[in-house]
Engineer: 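Provided herewith is a single structure, encoded as structure tokens, for subsequent inquiry.
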2 protein chains.
Amino acid sequence: MDIEKSLAALNNPVRRQILEWLKDRSNFPPALPGHEDLEGVCVGYIQEKAKLSQSTISNYMGLLKQAGFVRSERHGQWTFYRRDEENINAFLAAIQNELTKP
Amino acid sequence: MDIEKSLAALNNPVRRQILEWLKDRSNFPPALPGHEDLEGVCVGYIQEKAKLSQSTISNYMGLLKQAGFVRSERHGQWTFYRRDEENINAFLAAIQNELTKP
DNA sequence: TCCATAAATCGAGATATCTCGATATGCAGG
DNA sequence: CCTGCATATCGAGATATCTCGATTTATGGA
């Protein structure tokens, strides 16, 4: 729970938007054939929606992952990203604790 | 409640530290004579503790104020800053709402 | 009115972030 | 193996943030 990294990762509107999109799998095209069971979304789908370059999105997902907001799972040539609700909640608890008076 | 400005303001360890210090007036030297009733802390006291230049701290306090985390009150030649608990809580509610799944 | 003090603003150099296109890596199918 | 696709990494230019010292503005007191 690195609050520094977490805040840096959140300090960008597109990265926050991606986290919101990932709340609901149906914000993206249907899962690839043979991966219907997977919760995650591949980089290409995220890129398509965000309309930024592939390298930028890959970088963004790396930052979100380092901050703990997402987990990744590689399946074949694809990397599937999904939210890490536990870490997200841990961050919220930490920032709340840091900001509020006892 | 500009979440963009708020996250930018929080994206700096010294600014977060200042917000923490301001939780408790006793983190600073006693109030100036004639201002004992005031909740706030003057810029000079904050600068002393943060060990950064006067202009940097003035800038920081401006950012924290723009983000809504502090209010300022001018009394004579001093500007007294104190936390705005209401806005801080509003930010926490907003970020929680943005980050958590429904 | 003049001076001293507190704070805000200005201008600038150093550093970090953003974002891209190009390249490298890893994997699947023929 | 060789080719093609998905993703990651690299290098770089543009832009933003950090932080300072110098200057300006506001105020209070002699």
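Order of the sequence lines sets the chain letters (A, B, ...), proteins ahead of strands, with each chain counted from 1. Computed from a predicted structure; not experimentally measured.
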Engineer: Between A/Ser6 and A/Met1, which heavy-atom pair has the shortest distance, and what is it?
Structural biologist: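 Looks like OG-CE, 3.3 Å.
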
Engineer: Just the rounded figure in Å: distance from C1' of D/dC18 to CD of A/Glu4.
Structural biologist: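 Rounded to the whole Å, the gap is 13 Å.
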
Engineer: With a 3.5 Å cut-off and no angle check, do the side chains of A/Thr56 and A/Ser53 form a donor-acceptor pair?
Structural biologist: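 There is such a pair between these side chains.
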
Engineer: To the nearest Å, how far apart are B/Met61 CE and C/dA6 C1'?
Structural biologist: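 Whole-Å distance recorded here is 14 Å.
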
Engineer: Give one of base, sugar-phosphate or nothing for A/Phe80, where a contact means two heavy atoms less than 4.0 Å apart.
Structural biologist: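 The answer is nothing, as A/Phe80 stays clear of every strand by at least 4.0 Å.
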
Engineer: Taking all heavy atoms of B/Arg25 and all of B/Pro30, pick out the closest pair and write down the distance.
Structural biologist: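 Taking every non-hydrogen atom into account, NH2-C, 3.5 Å.
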
Engineer: Would you check, one step at a time, whether the test salt bridge (Lys or Arg N to Asp or Glu O under 4.0 Å) holds for A/Arg16 with B/Glu4?
Structural biologist: CA-CA 10 Å; A/Arg16 291 198 302 280; B/Glu4 187 71 31; 2.6 Å; yes

Engineer: Look at the side chain of B/Arg15 and decide which nucleotide, out of D/dC18, D/dT7, C/dA7, has an atom nearest to it.
Structural biologist: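 That would be D/dC18.
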
Engineer: Taking a hydrophobic cluster as the set of Ile, Leu, Val, Met, Phe, Trp and Tyr residues connected by side-chain heavy atoms closer than 4.5 Å, whether directly or through intermediates, do B/Leu63 and B/Ile46 fall within one such cluster?
Structural biologist: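 No, separate clusters.
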
Engineer: Taking 4.0 Å as the cut-off, does a side-chain nitrogen or oxygen of A/Thr79 come that near to OP1 or OP2 on D/dA6?
Structural biologist: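 No, because none of the side-chain N or O atoms of A/Thr79 sits under 4.0 Å from OP1 or OP2 of D/dA6.
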
Engineer: Tell me the interatomic distance from A/Glu73, atom CD, to D/dT7, atom C1', rounded to whole angstroms.
Structural biologist: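 To the nearest whole Å, that distance equals 16 Å.
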
Engineer: What's the CG-C1' distance between B/Asn12 and D/dA16, to the nearest Å?
Structural biologist: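 That distance rounds to 14 Å.
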
Engineer: I need the residues from residues 45-59 of chain A with at least one non-hydrogen atom less than 4.0 Å from DNA chain D; give them sorted by number, or say none.
Structural biologist: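 Those residues are A/Gln54, A/Ser55, A/Ser58.
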
Engineer: Please find the pair of heavy atoms, one from B/Pro29 and one from B/Glu48, that lie closest to each other, and give the distance.
Structural biologist: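 Where B/Pro29 meets B/Glu48 most closely, the heavy atoms are CG-OE2, 4.5 Å.
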
Engineer: Whole-Å distance between C/dT19 P and A/Asn11 CG?
Structural biologist: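 Rounded to whole Å, this separation is 11 Å.
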
Engineer: I need the A/Ile95 CD1 to A/Thr100 OG1 distance, nearest 0.5 Å.
Structural biologist: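 One finds 10.0 Å between CD1 of A/Ile95 and OG1 of A/Thr100.
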
Engineer: Would one find a side-chain N or O of B/Tyr81 under 4.0 angstrom from OP1 or OP2 of C/dA8?
Structural biologist: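 Yes, because at least one side-chain N or O of B/Tyr81 sits under 4.0 Å from OP1 or OP2 of C/dA8.
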
Engineer: How long is the line joining CG of A/Leu10 and C1' of C/dT17, in whole Å?
Structural biologist: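 In whole Å, C/dT17 C1' and A/Leu10 CG are 15 Å from each other.
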
Engineer: To the nearest 0.5 Å, what is the distance between CG on A/Leu22 and CD on A/Glu39?
Structural biologist: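 A/Leu22 CG to A/Glu39 CD: 9.0 Å, rounded to 0.5 Å.
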
Engineer: Over how many whole Å does the gap from A/Tyr60 atom OH to C/dT17 atom P extend?
Structural biologist: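 A/Tyr60 atom OH is separated from C/dT17 atom P by 13 Å.
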
Engineer: Just by protein heavy atoms under 4.0 Å, how would nucleotides 25-30 of chain C read 5' to 3' in B, S and -?
Structural biologist: --SS--

Engineer: Hey, could you give me each pair passing ring-ring contact (aromatic ring centres under 6.0 Å, His included) that has a residue in residues 81-102 of chain B? Not counting sequence neighbours.
Structural biologist: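 Of all non-adjacent pairs touching residues 81-102 of chain B, those that pass ring-ring contact (aromatic ring centres under 6.0 Å, His included) are B/Phe69-B/Phe91.
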
